[in-house]
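Note that this is a predicted model, so its numbers are computed, not measured. Basis for what follows: all heavy atoms, side chains included, without hydrogens, waters or symmetry-related copies.
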Amino acid sequence: MKNIITIQHTQAVHHTNGMVGSWTDWELSELGKAQAENIGRKLSVELKGKDWKIYSSDLIRAKQTAAPLARSMGIEIEYRPALREINYGKAVGQTKEWMKENALPVKTYDDPEFPGAETWGAFWKRVSDYCGEIVANEANNIILVSHGGTLAVWSHVWCDSGIQKIEKYGPAGAVSFMRIDEDGKHVVDLLNDISYMSD
């Protein structure tokens, strides 16, 4: 059996200032840092007794979310660009208002929403390919720290859903528990639990 825990990064500065997240390297807000500490404190107690690996997006807000948990568990974080949020190209570094006003018409999953942006099809394939890597990974207990869009796609890929546009993402700081059972079935035991980040 393989256990997978996913953690969406906690509140970041771009959640409060009207800016686009994507590949912009925002840090966590002060609240987000406290939320990450709470996740680390609570999860580390719950996960004692097994060997775990932590893979994180290499963007700062994900790194800062993963750090307290890794510190509490005494393990190293391995950073993976494959766990980054979707790349919005020219919209990176812009305001969300600019993003709304300048989005290109998208008719297929292969159309970029902005110049230089990752298409939804390419993003879905990136996450799907990484899911395959994690399934094949020799470790039986894995924690992934990533972003809202990435983990929304991950959840659909995990459940073997075909490519589709996803409008609603999980909340910042959400923790999900997934596993592959003895029959090889992909199971979601808990989805987007926000209780771990509270005091």
Side-chain angles (χ1 to χ4, degrees), residues 4-26 32 55-62 65 80-136 142-180 185-194 197:
I4 310 288
I5 296 174
T6 67
I7 304 172
Q8 185 172 326
H9 72 77
T10 53
Q11 187 189 79
V13 173
H14 73 279
H15 291 150
T16 65
N17 66 4
M19 300 296 287
V20 172
S22 187
W23 282 21
T24 306
D25 224 0
W26 295 105
Y55 298 105
S56 170
S57 160
D58 61 346
L59 295 175
I60 288 175
R61 56 195 186 272
T65 300
R80 296 290 185 266
L83 286 169
R84 286 186 176 193
E85 184 61 278
I86 188 171
N87 181 4
Y88 277 131
K90 193 173 180 180
V92 172
Q94 303 287 349
T95 65
K96 292 176 183 175
E97 189 65 30
W98 184 96
M99 190 178 189
K100 290 178 183 177
E101 293 173 354
N102 291 275
L104 301 172
V106 174
K107 296 180 179 179
T108 75
Y109 295 133
D110 296 319
D111 295 331
E113 198 169 355
F114 303 94
E118 191 173 22
T119 66
W120 189 256
F123 179 46
W124 193 282
K125 184 178 186 305
R126 166 161 63 89
V127 177
S128 181
D129 287 350
Y130 192 68
C131 184
E133 288 184 32
I134 290 298
V135 169
I142 296 174
I143 299 165
L144 304 176
V145 184
S146 189
H147 308 264
T150 311
L151 292 179
V153 171
W154 172 278
S155 296
H156 283 75
V157 169
W158 186 257
C159 296
D160 202 24
S161 300
I163 185 171
Q164 56 193 280
K165 192 63 179 173
I166 302 172
E167 301 295 340
K168 188 172 179 61
Y169 299 165
V175 178
S176 299
F177 285 72
M178 304 174 188
R179 62 186 162 88
I180 302 175
K185 183 179 179 181
H186 288 204
V187 179
V188 177
D189 290 311
L190 184 67
L191 185 65
N192 294 331
D193 187 337
I194 60 172
M197 64 178 171

Within a strict 4.5 Å, meaning less than it, do heavy atoms of the [X] and [Y] side chains meet?
X    : Y    : value
I4   : I134 : yes
T24  : M19  : no
V20  : T95  : no
E118 : W124 : no
Y109 : T119 : no
I86  : T150 : no
T6   : S146 : no
C131 : W154 : yes

Please report the shortest heavy-atom distance between [X] and [Y], naming the atom on each side.
X    : Y    : result
S155 : M178 : OG-CE, 3.7 Å
S22  : V92  : OG-CG2, 3.5 Å
H147 : Q8   : C-CG, 4.0 Å
A12  : H9   : CB-CE1, 3.9 Å
P112 : A117 : CB-O, 3.8 Å
Y88  : E113 : CE2-OE1, 3.7 Å

- Verify the neighbour count for atom CD1 of I194: are there more than 12 heavy atoms of other residues, nucleotides or ligands below 6.0 Å? no

- K100 atom NZ: more than 12 heavy-atom contacts under 6.0 Å: no

In Å and rounded to the nearest 0.5 Å, what is the [atom1] to [atom2] distance from [X] to [Y]?
X    : Y    : atom1 : atom2 : result
S176 : L190 : OG    : CG    : 6.5 Å
S57  : W23  : OG    : CH2   : 9.5 Å
R126 : L83  : CZ    : CG    : 8.5 Å
I143 : I5   : CD1   : CD1   : 5.0 Å

- Task: Report the C-alpha distance between R61 and H14 in whole Å, list the side-chain angles of each, state the deciding distance to 0.1 Å, and finish with yes or no for side-chain contact (heavy atoms from CB on, under 4.5 Å).
- Result: CA-CA 10 Å; R61 56 195 186 272; H14 73 279; 3.4 Å; yes

Taking [Y]'s backbone N and O only, do any of them form a donor-acceptor pair with [X]'s side chain (distance below 3.5 Å, no angle check)?
X    : Y    : result
D111 : T108 : yes
D193 : V175 : no
T10  : G173 : no
E85  : G149 : yes

- Steps toward salt bridge (charged side-chain N to carboxylate O under 4.0 Å, His left out) verdict (K125, D129): CA-CA 6 Å; K125 184 178 186 305; D129 287 350; 2.7 Å; yes

- Query: Given R80 and D58, is the salt bridge (charged side-chain N to carboxylate O under 4.0 Å, His left out) satisfied, shown in steps?
  - Reply: CA-CA 6 Å; R80 296 290 185 266; D58 61 346; over 6 Å; no

- Item | Matching residue for W158 among V187, L151, V135 - test: side-chain contact (heavy atoms from CB on, under 4.5 Å) | V135

- Between V106 and W120, does a side-chain contact (heavy atoms from CB on, under 4.5 Å) hold up when you go through it step by step? CA-CA 10 Å; V106 174; W120 189 256; over 6 Å; no

- Message: Between W98 and K90, does the side-chain contact (heavy atoms from CB on, under 4.5 Å) criterion hold? Intermediate values first, please.
- Response: CA-CA 10 Å; W98 184 96; K90 193 173 180 180; 4.1 Å; yes

- Any chance you could lay out the side-chain contact (heavy atoms from CB on, under 4.5 Å) test for S161 and Q164, step after step, and finish with the verdict? CA-CA 8 Å; S161 300; Q164 56 193 280; 3.5 Å; yes

